[in-house]
2 protein chains.
Amino acid sequence: MKFSQATDYALHAMLYLVSEAPDKPVSVQLLAEKLGVSQTYLSKMLTKLVKAGLIQSVSGVNGGYRLRRNREDISFLDIIHAIEGTASLFECSFNHGSECLIQQVVIEAERQMEQYLQNKKISELAGQFKGIG
Amino acid sequence: MKFSQATDYALHAMLYLVSEAPDKPVSVQLLAEKLGVSQTYLSKMLTKLVKAGLIQSVSGVNGGYRLRRNREDISFLDIIHAIEGTASLFECSFNHGSECLIQQVVIEAERQMEQYLQNKKISELAGQFKGIG
DNA sequence: GCTATTATAGGGTCATAAAGTCTTTTATTG
DNA sequence: CAATAAAAGACTTTATGACCCTATAATAGC
Ligand code: SF4
Ligand code: SF4
């Protein structure tokens, strides 16, 4: 029960884009260098973010990644879901249907966390961001 | 990012103890049968619950496991922590200390979930419990 | 004190997932 | 068409989860 490191990278990459890249696309090469991770590995996460509609990719010379949506719209939950998927954190192995008591409690707890993450926008941190590393 | 199945078993075992076993110790054999899991595997989880102080073990003939604390005191969080550990769900790989912006947000989100799980006591479900399986 | 019962401890196995690399293909600019 | 950059897929390596097996320790009842 831990968030993957990929999520950590994705959050940092997004924080960088939101803070420092208003419109010019940023290459995976630059991002990977900043984050200290290989390009190919990071590109997998960025591709997921593209598929989730958070960023936009531009291939070819001077290409890279650029925000797609409004900065203020992108929440932590959006990024986490893009990387980790949206499946529930808990599945009762007995699966007695929707009345499952234990499941109800844990799902609701999860919802509490997600609600907080949804209300928290990545752009809120941009002001205090001093650069990675 | 998922709760382990061991947590699921532990929650069910505890629900059983709280619901059906007022004072007589219940053997791992019976519990394992009810839950449809091997004794040796289940016993590891029960041992963790013992170490966490939630239940008490009685070895020897007619031994087994019995609640230690007051039924009303045992929360979902207690059980989950006993099995999954209390480590944070998220660790920023850069570790810029306590001012880490991203970390602060995720930790707070986690706290929201844990608060809900702490307020939710396992005994609240006992009334509606119809037996496992 | 002996035996049956029951928990505890530790190691071993197998499967799945996470973390990361390499190579090829596709798209774009100039 | 040449250089650049993303996307896709196959692959390795490592870590974790989900189990099983066996030996040891404690206790109750005879
Ligand atoms: S919590 Fe209750 S309803 Fe849900 S699977 Fe377990 S026994 Fe069934
Ligand atoms: S979120 Fe900011 S402070 Fe925290 S590790 Fe990343 S760059 Fe450093």
Side-chain angles (χ1 to χ4, degrees), chain A residues 1-13 17 21 24-33 35-68 80 82-85 87 89-93, chain B residues 1-13 17 21 24-33 35-68 80 82-85 87 89-93:
Chain A
M1 180 69 172
K2 258 196 175 293
F3 285 101
S4 70
Q5 232 174 306
T7 295
D8 186 30
Y9 290 136
L11 287 170
H12 278 81
L17 289 179
K24 294 266 150 85
V26 177
S27 72
V28 68
Q29 185 180 359
L30 177 65
L31 277 172
E33 202 180 304
L35 296 177
V37 62
S38 83
Q39 296 180 222
T40 39
Y41 186 36
L42 182 61
S43 81
K44 293 205 167 177
M45 300 154 210
L46 293 170
T47 301
K48 282 188 179 180
L49 293 173
V50 169
K51 289 203 171 136
L54 300 179
I55 58 179
Q56 196 173 13
S57 71
V58 182
S59 56
V61 178
N62 295 322
Y65 296 92
R66 179 199 311 150
L67 291 182
R68 162 165 249 137
I80 292 173
I83 304 294
E84 307 255 347
L89 301 187
F90 187 80
E91 264 169 284
C92 195
S93 40
Chain B
M1 181 67 171
K2 258 196 177 294
F3 284 101
S4 70
Q5 232 172 308
T7 295
D8 187 30
Y9 290 136
L11 286 170
H12 278 82
L17 289 180
K24 294 264 150 82
V26 178
S27 72
V28 69
Q29 184 181 358
L30 178 66
L31 278 171
E33 201 181 305
L35 296 177
V37 62
S38 83
Q39 297 180 225
T40 39
Y41 186 36
L42 182 61
S43 78
K44 293 211 166 174
M45 299 154 210
L46 293 170
T47 300
K48 283 187 178 180
L49 294 172
V50 169
K51 290 203 170 135
L54 301 179
I55 58 179
Q56 196 173 12
S57 71
V58 182
S59 54
V61 178
N62 296 323
Y65 296 92
R66 181 199 308 150
L67 292 182
R68 163 166 250 134
I80 292 172
I83 304 295
E84 306 255 346
L89 301 187
F90 187 80
E91 263 169 286
C92 195
S93 41

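Reminder, nothing fancy here: chain letters follow the sequence lines and each chain counts from 1.
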| said: With rounding to the nearest 0.5 angstrom, report the CG to CD1 distance, L49(A) to I55(A). | reply: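 One gets 4.5 Å once the value is rounded to the nearest 0.5 Å.
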
| field | Separation between CG of L89(A) and CG of L89(B), rounded to the nearest 0.5 Å | value |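 Atom-to-atom, L89(A):CG and L89(B):CG are 8.5 Å apart.
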
How long is the line joining [atom1] of [X] and [atom2] of [N], in whole Å?
{"X": "M45(A)", "N": "dA18(C)", "atom1": "CE", "atom2": "P", "answer": "12 Å"}
{"X": "K24(B)", "N": "dT6(C)", "atom1": "NZ", "atom2": "C1'", "answer": "17 Å"}
{"X": "K48(A)", "N": "dG9(D)", "atom1": "NZ", "atom2": "P", "answer": "14 Å"}
{"X": "L35(A)", "N": "dG20(C)", "atom1": "CG", "atom2": "P", "answer": "12 Å"}
{"X": "K2(A)", "N": "dG17(D)", "atom1": "NZ", "atom2": "C1'", "answer": "16 Å"}
{"X": "L89(B)", "N": "dT16(D)", "atom1": "CG", "atom2": "C1'", "answer": "16 Å"}
{"X": "L42(B)", "N": "dC20(D)", "atom1": "CG", "atom2": "C1'", "answer": "14 Å"}
{"X": "Q5(B)", "N": "dA17(C)", "atom1": "CD", "atom2": "C1'", "answer": "15 Å"}

Residue-phosphate contact under 4.0 Å: [X] side-chain N/O, [N] OP1/OP2:
{"X": "Q39(B)", "N": "dC21(D)", "result": "no"}
{"X": "T47(A)", "N": "dA7(D)", "result": "yes"}
{"X": "Y41(A)", "N": "dC11(D)", "result": "no"}
{"X": "S38(A)", "N": "dG20(C)", "result": "no"}

| task | Identify whether any heavy atom of K51(A) sits under 4.0 Å from a base atom; if not, whether one sits that close to sugar-phosphate; answer base, sugar-phosphate or nothing. | result |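 Sugar-phosphate: the residue K51(A), judged by heavy atoms under 4.0 Å, touches backbone atoms but no base.
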
| Contact class for V37(B) vs. all strands (heavy atom < 4.0 Å): base, sugar-phosphate, or nothing? |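 V37(B): no heavy atom of the nucleic acid under 4.0 Å.
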
| request: Could you say whether S57(A) or E84(B) is positioned toward the 5' end of DNA chain D, judged by the nucleotide with the nearest heavy atom to each? | output: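 The residue mapped nearer the 5' terminus is S57(A).
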
| said: Heavy-atom nearest nucleotide on DNA chain D for G60(B) versus G64(A): which residue maps closer to 5'? | reply: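 In this pair, the answer is G64(A).
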
| said: What verdict does the side chain to side chain contact (heavy atoms under 4.5 Å, CB included) test give for Y9(B) and S93(A), after you've listed the backbone C-alpha separation in whole Å, the side-chain angles of each residue and the deciding distance to 0.1 Å? | reply: CA-CA 8 Å; Y9(B) 290 136; S93(A) 40; 4.1 Å; yes

| field | Verdict with supporting geometry, L42(B) and L31(B), side chain to side chain contact (heavy atoms under 4.5 Å, CB included) | value | CA-CA 8 Å; L42(B) 182 61; L31(B) 278 171; 3.7 Å; yes

When you get a sec, tell me which of [options] is the closest nucleotide to the side chain of [X]?
{"X": "S4(B)", "options": "dA7(C), dA18(D), dA4(C)", "answer": "dA18(D)"}
{"X": "A6(A)", "options": "dT22(D), dT8(C), dA19(C)", "answer": "dA19(C)"}
{"X": "N62(A)", "options": "dG30(C), dA19(C), dA18(D)", "answer": "dG30(C)"}
{"X": "T40(B)", "options": "dT22(D), dT8(C), dT6(C)", "answer": "dT22(D)"}
{"X": "Y65(A)", "options": "dT8(C), dT5(C), dA7(D)", "answer": "dA7(D)"}

| Is the side chain of D8(A) donor-acceptor paired with the backbone N or O of C92(B) at a distance under 3.5 Å, no angle test? |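 It does not hold such a pair.
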
| request: Please state whether the base of dT21(C) and the side chain of K44(A) form at least one donor-acceptor pair under 3.5 Å? | output: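 Indeed, a donor on one side and an acceptor on the other fall under 3.5 Å apart.
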
| said: Regarding E84(A) and S4(A), do their side chains bring together a donor and an acceptor under 3.5 Å, going by distance alone? | reply: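 On atom types as modelled, these side chains qualify, holding a pair under 3.5 Å.
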
| query | In terms of the nearest nucleotide of DNA chain C, which residue is placed more toward the 5' end: S59(A) or Y9(A)? | reply |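 Between the two, 5'-proximity favours Y9(A).
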
